[in-house]
Amino acid sequence: MIRIFIFSFSLLLLAQCQPKEPEVTATNEEETTRPKNIILLIGDGMGVTQVTSRFYYGEGEPNFQRFPYIGLIKTSSSREKITDSAAGATAFATGHKSYNGAIAVKDDTASVETIAELVSDKLSTGLIATSSIVHATPASFYAHVPARSQYEEIAAQLTTSSVDFFAGGGTQFFVDREDDANYLDSLTANGFVVDTTQLQKPASFSMEQKYGFLLASDGMPKMQEDRGDFLPQATQMALEYLSQDEDGFFLMVEGSQIDWGGHANDAEYIIEEVKDFDKTLGVTLDFAERDGNTLVVVTADHETGGFALSSGESYNDLVGTFSTGGHTPDLIPVFAYGPGAESFAGIYENTGIYDRMVEATNWASGSPVASAK
Ligand code: MG
Ligand code: ZN
């Protein structure tokens with residue numbers, strides 16, 4: 001009798017676990033809620049105060065304010081309460097927590113597929129950073145190494161990666177190497193048109209070819225050292241290129257140096273880098289509004305500097321102050337726009353960024369095209 005009761009109770013539980021019939025049929029294209037494209041923007045070291053700075057400095061309304069859905073992420077790594085950029089980006093790129101320094105490898109150092117690799121058979125992918133392109137954040141989307149300092153190995157892995165478009169610094173890691181190899185040649189041999197002189201749109205911007213812009217020996221210049229509109233312009237260019245792919249695309253854009261301003265305890269450095277990042281948000285949101293099929297997600301790996309805008313002479317006098325030269329474990333804001341954006345509200349782990357991107361698109365099904373319909 002008891003056994004029968006348990007058996008029927010189990011059946012009841014099972015029945016409750018059955019997925020509901022989808023209310024929108026596959027043929028009803030108008031009611032689709034799945035994005036075709038994702039743009040993930042990472043402000044390295046960008047906590048709430050860094051975002052706040054844009055509300056007190058710079059011209060016009062901050063683009064941060066255009067996002068309808070806001071969340072918070074918990075950023076600890078698999079081993080440390082305070083994450084670094086490698087573990088942080090690995091969480092976004094793979095959905096796995098790993099240790100500080102890990103580049104798209106799990107805590108046991110086994111390689112794990114990145115979102116860019118997951119979609120590369122069907123979609124086009126792009127990466128943009130104001131650091132070198134082999135720095136921890138962009139590297140975690142295409143390379144697999146146990147330590148972030150393995151820049152030359154990371155550069156080698158970029159040449160044969162699934163990335164279709166990239167822009168940033170880092171020429172030295174391709175040509176000025178311990179092994180004397182020339183990995184700019186390897187990029188060309190693997191189908192890249194490489195420009196090391198300027199961010200200029202090629203005459204024929206064909207999907208038949210891949211494009212790489214390496215515009216500094218290591219990191220790009222600071223905004224305060226006349227970097228100009230590299231980040232918004234490279235983003236605009238990537239969107240022009242990637243949106244030619246009718247199946248969709250994944251683009252990661254990093255404002256790398258917000259973090260470096262935090263490490264330097266330099267408020268002006270942070271403020272100028274955040275203004276540049278916000279301008280880039282404007283480019284992506286303008287694209288997403290026109291396109292209607294693009295999910296835009298903005299977040300950060302961690303906060304840097306324990307940055308505060310404190311009162312100076314009076315409550316009308318803001319002074320940037322810091323509590324550390326390193327990172328902090330602050331909860332980090334997430335901003336989302338477009339189809340699937342509502343799932344980014346709430347408080348969750350940084351790996352939830354990956355989970356929500358993949359769930360919104362159904363990319364893990366291996367059929368991104370069908371899921372977009
Ligand atoms: Mg970074
Ligand atoms: Zn840092």
Side-chain angles (χ1 to χ4, degrees), residues 40-51 73 75-77 80-94 98-104 114-116 126-143 145 147-151 154-155 158 163 166-170 173 214-216 218-223 227 230-231 234-235 251-267 269-270 272-274 276-277 280 297-307 322-330 332-334 350 353-354:
L40 172 64
L41 298 109
I42 301 173
D44 199 311
M46 187 182 72
V48 170
T49 306
Q50 283 81 354
V51 173
I73 49 169
T75 65
S76 295
S77 78
E80 295 93 356
K81 291 189 181 72
I82 299 178
T83 189
D84 79 339
S85 297
T90 294
F92 300 151
T94 74
S98 196
Y99 57 90
N100 286 354
I103 302 292
T114 73
I115 190 166
L127 302 173
I128 301 170
T130 55
S131 63
S132 84
I133 203 68
V134 298
H135 213 257
T137 309
S140 297
F141 288 83
Y142 64 83
V145 291
R148 58 183 291 172
S149 57
Q150 295 172 267
Y151 292 128
I154 293 168
L158 178 60
V163 175
F166 68 84
F173 305 106
L214 287 169
L215 301 177
D218 193 350
M220 295 294 292
K222 301 175 182 183
M223 282 309 288
R227 186 168 77 235
F230 163 79
L231 194 61
T235 302
L251 172 64
M252 191 289 298
V253 178
E254 186 198 21
S256 319
Q257 299 194 30
I258 300 166
D259 175 65
W260 301 355
H263 284 295
N265 284 6
D266 183 338
Y269 192 175
I270 292 174
E272 292 306 313
E273 296 297 329
V274 171
D276 178 57
F277 187 72
T280 308
V297 180
V298 182
T299 190
D301 41 9
H302 53 75
E303 193 277 340
T304 306
F307 182 43
F322 296 87
S323 64
T324 175
H327 302 166
T328 68
D330 285 7
I332 291 297
V334 182
N350 54 2
I353 297 288
Y354 172 93

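Numbering of ligands and ligand atoms starts at 1, following listing order.
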Worksheet item: Stepwise, does the ring-ring contact (aromatic ring centres under 6.0 Å, His included) test hold for Y151 with F173?
Response: CA-CA 6 Å; Y151 292 128; F173 305 106; 5.0 Å; yes
Under 3.5 Å, which donor-acceptor pairs do the side chains of residues 133-141 form with other protein atoms, sequence neighbours left out?
from	atom 1	to	atom 2	distance (Å)
T137	OG1	D44	OD2	3.1
T137	OG1	E254	OE2	2.8
S140	OG	A136	O	2.8

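- A donor and an acceptor atom, one from each side chain of Q257 and Y269, are located under 3.5 Å apart.
- Ring centers of F307 and F322: under 6.0 Å apart, within the cut-off.
- By the criterion of a separation under 2.8 Å, the protein N/O/S atoms near the Mg ion (ligand 1) amount to D44 OD2, T137 OG1, E254 OE2.
- For the residue pair D84 and N100, the shortest heavy atom distance occurs at N-OD1, 3.0 Å.
- D330 pairs by the salt bridge (Lys or Arg N to Asp or Glu O under 4.0 Å) definition with nothing, not counting sequence neighbours.
- Heavy-atom minimum distance, F92 versus N350: CD2-O, 3.6 Å.
- Note on the Zn ion (ligand 2): protein N/O/S atoms under 2.8 Å are D259 OD1, D259 OD2, H263 NE2, H327 NE2.
- Checked for salt-bridge contact, E273 and R227 meet the test: a charged N lies under 4.0 Å from a carboxylate O.
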Discussion item. As a quick check of understanding, evaluate side chain to side chain donor-acceptor pair (under 3.5 Å) for H302 and S85, giving each step before the final call.
Written reply: CA-CA 7 Å; H302 53 75; S85 297; 3.1 Å; yes
